[in-house]
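Reviewing the structure listed below.
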Amino acid sequence: MNQPLAGYAPAPVTARMENHGNNMLKVAMQTGNDLLARVGSMIAYEGFIQYEPNPPAVRQIARDWMTGEGAPLMKCSGDGLLYLADYGADVVVINLGGDGISVNATNLLAFDASLTWGVERVKGLAKFAGQGLWNTKISGQGWVALTSRGKPIVVDCGGGEDETYVDPDALVAWSPNLKVKGKRSFKAQSLIGRGSGEAYQMAFSGQGIVVVQPSEDSTDRLRFRG
């Protein structure tokens, strides 16, 4: 291999999912261990891997996805190495280890098909935003890959009485056991967030983490539906 390019070669496989650089996901595929991934995220693969867009299991769950914000998914199966990316976004790899996570659909890149998942309404926000907010909850033993528009920060809520406030446009994911409520700002609406009109924040409390991205681009935001 040309010496200047040698540093970009894939590293030996050490886990089911891992980063290749900050912006690419490498998945070690094995027969019987299928993957659900965002449609269009495949950038390369080695071996024999098949793809099925919008498989029956996804269509069944998508019936409850009433906001229209669900990312279309494809089932990946076979043996080999699969590389995924999302337009240069940072990739965050998580081994759930029996825990769960609630994810903004626009930040969901891939997850093990064996995990339990579904679409849920976020409680505590309806009075601020009409119908409230829908997110994807994933749990079980397996791997999840998220994307972030820039390097994210993971905030540990710590389980204390203090609340952690997040602009919903910058929210990526959070521990589903956290308590969530909305907060409306009037006096600070020109300073907090980038939306027009009243400014909303999401307040988290309890034991768990919140993942926040530095971007508040409208194409990545969690949309409130009235």
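What you see is a predicted model, and the numbers here were worked out from it, not measured in a lab.
- In this structure a side-chain-to-backbone donor-acceptor pair under 3.5 Å is present from Asn104 to Thr106.
- For the side chain to side chain contact (heavy atoms under 4.5 Å, CB included) with Leu146, the lone residue among Leu109, Leu25, Val103 that qualifies is Val103.
- Although no hydrogens or angles enter the test, the distance criterion places a donor-acceptor pair under 3.5 Å between the side chain of Asp79 and the main chain of Thr31.
- Rounded to the nearest 0.5 angstrom, Ile49 CD1 and Leu82 CG are separated by 5.0 Å.
- For the side-chain hydrogen bond (donor to acceptor under 3.5 Å, both in side chains) test, no residue two or more places apart in sequence or in another chain qualifies with Ser139.
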- Which is it for Leu96 and Asp112 under the side chain to side chain contact (heavy atoms under 4.5 Å, CB included) test, yes or no, and what are the steps along the way? CA-CA 10 Å; Leu96 291 181; Asp112 283 332; over 6 Å; no
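- Taken together through direct or relayed side-chain contacts under 4.5 Å among Ile, Leu, Val, Met, Phe, Trp and Tyr, Met29 and Tyr45 form part of one hydrophobic cluster.
- Judged purely by atom type and a 3.5 angstrom limit, Gln213 uses its side chain to pair as donor or acceptor with the backbone of Arg149.
- Looking at Ser102, its side chain never comes within 3.5 Å of a backbone N or O of Lys137 through a donor-acceptor pair.
- Summarising the geometry, atom CD belonging to Glu163 is positioned 10.5 Å from atom CZ belonging to Phe204; distances are rounded to the nearest 0.5 Å.
- From Asn135, atom CG reaches atom CG of Leu171 across 7.0 Å, with rounding to the nearest 0.5 Å.
- Between the Asp90 side chain and the Pro152 main chain, no donor and acceptor come within less than 3.5 Å of each other.
- Side chain of Lys26 to main chain of Ala11: a donor-acceptor pair is present (N/O by atom type, distance under 3.5 Å, no hydrogens or angles).
- By the 30° and 60° cut-offs, the orientation of the rings of Tyr83 relative to His20 is perpendicular.
- Considering all non-hydrogen atoms of both residues, Ile209 and Leu178 come closest at O-CD1, 3.5 Å.
- Distance alone, capped at 3.5 Å, is enough to place a donor-acceptor pair between the Asn107 side chain and the Thr147 backbone.
- Judged by distance alone, with hydrogens and angles left aside, the side-chain atoms of Arg38 form no donor-acceptor pair with the main-chain N or O of Leu73 at under 3.5 Å.
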